[in-house]
Structures are given as C-alpha cells and as structure tokens.
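Here the structure is laid out as structure tokens; the discussion comes afterwards.
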Amino acid sequence: MKKLLLPAIIALTNLYAHAQTTLTLSTYSGTDLAKYAGKTLNISANRYLFTGWNTISLPFSMTEEQINETFGSDCKLEKLAGVEHDGHDIKLNFQDCKSEGIQANIPYILYYTGKTGDKKISVKNATISNTHAPLSFAVQGTSLSVTMSGTQQMRKAQGVYGIMGKDNAEALFVNVDDVETGFYATRCYIELSNGNSSTLTTNHIGKDVTSIQSTVKPNENVDVYNISGIKVASQIGISEISKLQQGIYVIKGKKILVE
C-alpha cells in the first residue's frame with residue numbers, strides 16, 4: 001500500500017509546486033511586484049483590449065513569437081522613438097518594434113485586430129521586473145520634454161495624456177483629466193513638462209529606419225531634416241549627428257534614428 005501511495009504523494013507535491021510558481025497579475029488595481037522581482041515564474045493575466053490601438057506595459061518580457069501567439073500574428077507593436085514640434089502641435093513618432101519583442105516595463109502601443117474584451121496572457125518562465133522604464137524625449141525647437149511611462153499600479157489620470165477607447169483608431173493621446181477611473185495597471189500614459197495643455201498627434205513610421213553608419217560615410221558631411229522636412233542641421237558629420245537630440249531624422253532621403 002505504501003508503494004502505491006508514494007507516487008501519488010510525489011505527483012501531488014509536484015502539482016502544488018507548479019501552482020506556487022504561477023503568478024496571476026492584476027491588470028486593474030495592480031500587483032505588488034516587489035515581492036516577485038527577479039523571480040522566474042509562469043505568468044497569467046487577463047488584459048482588456050479594444051479593437052485598434054491600445055497601450056501596454058508588462059513587468060516581464062515577451063518574444064515576437066509569444067506576442068503573435070497571444071495577440072495574433074497581424075498585431076502591431078510600436079515604441080516611441082522621438083518627438084517634434086509640428087506647428088502648434090507635438091508630433092509623437094512611433095516606430096514598429098515587434099521583431100524586438102516586448103521588454104519589461106517599457107511602454108508600447110499595441111494594435112489589436114481581435115474582438116474588444118478580455119484577452120488571456122499566459123507566459124511560461126518569465127522573469128519579473130519592477131524597475132520603472134519610461135521613455136523621455138526633448139521636443140526639438142522648444143524647452144518641452146515628453147515622457148511616456150507604463151504603470152503597474154492603478155494611478156490617477158489628472159495632468160497626463162492617454163488613449164480613450166473612442167480615439168484608439170489612430171492611437172490619439174488626449175487630455176484625460178475628466179477620466180475618474182484613472183489608469184489601470186499595464187497601461188501607459190504621456191506627460192509633458194508643461195502639463196497637458198498641448199495637442200498631441202501620432203505618426204507611425206514603420207520599419208524603414210536605418211542606422212547612421214549605413215547612410216553616412218565616415219568623412220561625409222550631410223544636411224539633416226526632421227520628419228516634417230524642416231532642416232535642423234547643415235553639413236555635419238557622423239559624430240555631430242550622433243549628438244543630436246533623440247529622435248527620427250531624414251538624411252539623404254532615409255529615416256535615421258538617433259538614440
């Protein structure tokens with residue numbers, strides 16, 4: 001009898017141990033990530049997604065394959081790559097980055113073609129991170145700066161920008177002072193250094209961004225333009241280009257990312 005019971009006890013112990021390694025994340029009020037930081041666990045979460053553009057920031061990384069399995073192979077993932085002053089507006093330049101996967105706590109916008117509602121996220125052997133990882137850029141030609149952040153705890157909406165469900169077809173970030181519920185966990189928001197009185201526009205720049213080195217020869221001087229076609233520098237070389245403010249530029253007809 002003891003011989004029969006032993007395998008059953010071992011099986012139950014293994015099942016219990018497996019259950020203990022699965023972390024169910026709250027995508028509403030948030031999860032106390034400090035308890036799990038640095039641990040490798042199986043992750044389970046239900047995230048509400050709208051058909052169209054959503055913001056997303058997760059406390060763990062996902063590969064491109066995992067992204068496609070979870071959100072569909074036709075989903076899009078973009079990251080803020082630069083900002084610029086466009087008349088009275090501030091243009092947010094988002095670049096396709098799905099091939100890089102999702103990095104822990106980085107803020108993204110995600111285009112989802114499925115039906116609006118809860119979407120199950122299930123990832124095995126994910127390492128939890130509670131490190132804040134915002135993306136910040138200076139607005140060329142102004143004293144303003146733009147910061148995009150993800151949140152792993154519910155936070156108030158006052159003073160920042162977010163994507164409303166009715167504005168998500170174009171990933172439009174708008175003033176959300178009147179949103180009483182605030183931002184649920186795993187969402188993202190944008191802050192301006194002068195508050196949220198400006199108008200933001202979104203520009204999707206795709207994958208067609210090359211490196212400086214592949215476009216400019218070592219001893220070559222070139223003119224540099226912003227995405228709107230305005231010249232920002234005349235006849236400068238690679239070292240000077242690399243010192244420009246972070247963002248997307250056009251050199252010799254090609255888009256260049258300065259990080």
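Because the structure is predicted, anything quoted here is derived from the model rather than measured.
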### Cluster check V176, I109: I/L/V/M/F/W/Y, side chain < 4.5 angstrom
no
### Query
For the side chain of N203 and the backbone of T201, is there at least one donor-acceptor N/O pair under 3.5 Å apart?
no
### Query
Looking only at side chains, do N46 and D118 share a donor and an acceptor under 3.5 Å apart?
no
### Main-chain N/O of I67 paired with T70 side-chain donor or acceptor, under 3.5 Å
no
### Query
Judged by modelled atom types alone, do S57 and R187 share a side-chain donor-acceptor pair under 3.5 Å?
no
### Query
Do S26 and S29 have a side chain donor and acceptor closer than 3.5 Å?
yes
### Query
Of all heavy-atom pairs between I241 and I251, which one has the smallest distance, and what is that distance?
CD1-CD1, 3.8 Å
### Task
Taking atom types as modelled, find out whether N68 and K98 have a side-chain donor-acceptor pair closer than 3.5 angstrom.
yes
### Query
What distance do S136 atom OG and M148 atom CE have between them, rounded to the nearest 0.5 Å?
11.5 Å
### Message
Using a strict threshold of under 4.0 Å (side-chain N to carboxylate O), is an ion pair present between E100 and K79?
### Response
yes
### Presence of salt bridge, K252 and E220, under 4.0 angstrom
yes
### Message
With heavy-atom distances below 4.5 Å as the criterion, would you say the side chains of S129 and P59 are in contact?
### Response
no
### Query
When the ring planes of F173 and F94 are compared, do they come out parallel, tilted or perpendicular, using 30° and 60° as the limits?
parallel
## Note on the structure
Applying ring-ring contact (aromatic ring centres under 6.0 Å, His included) to Y36 and not counting sequence neighbours gives none
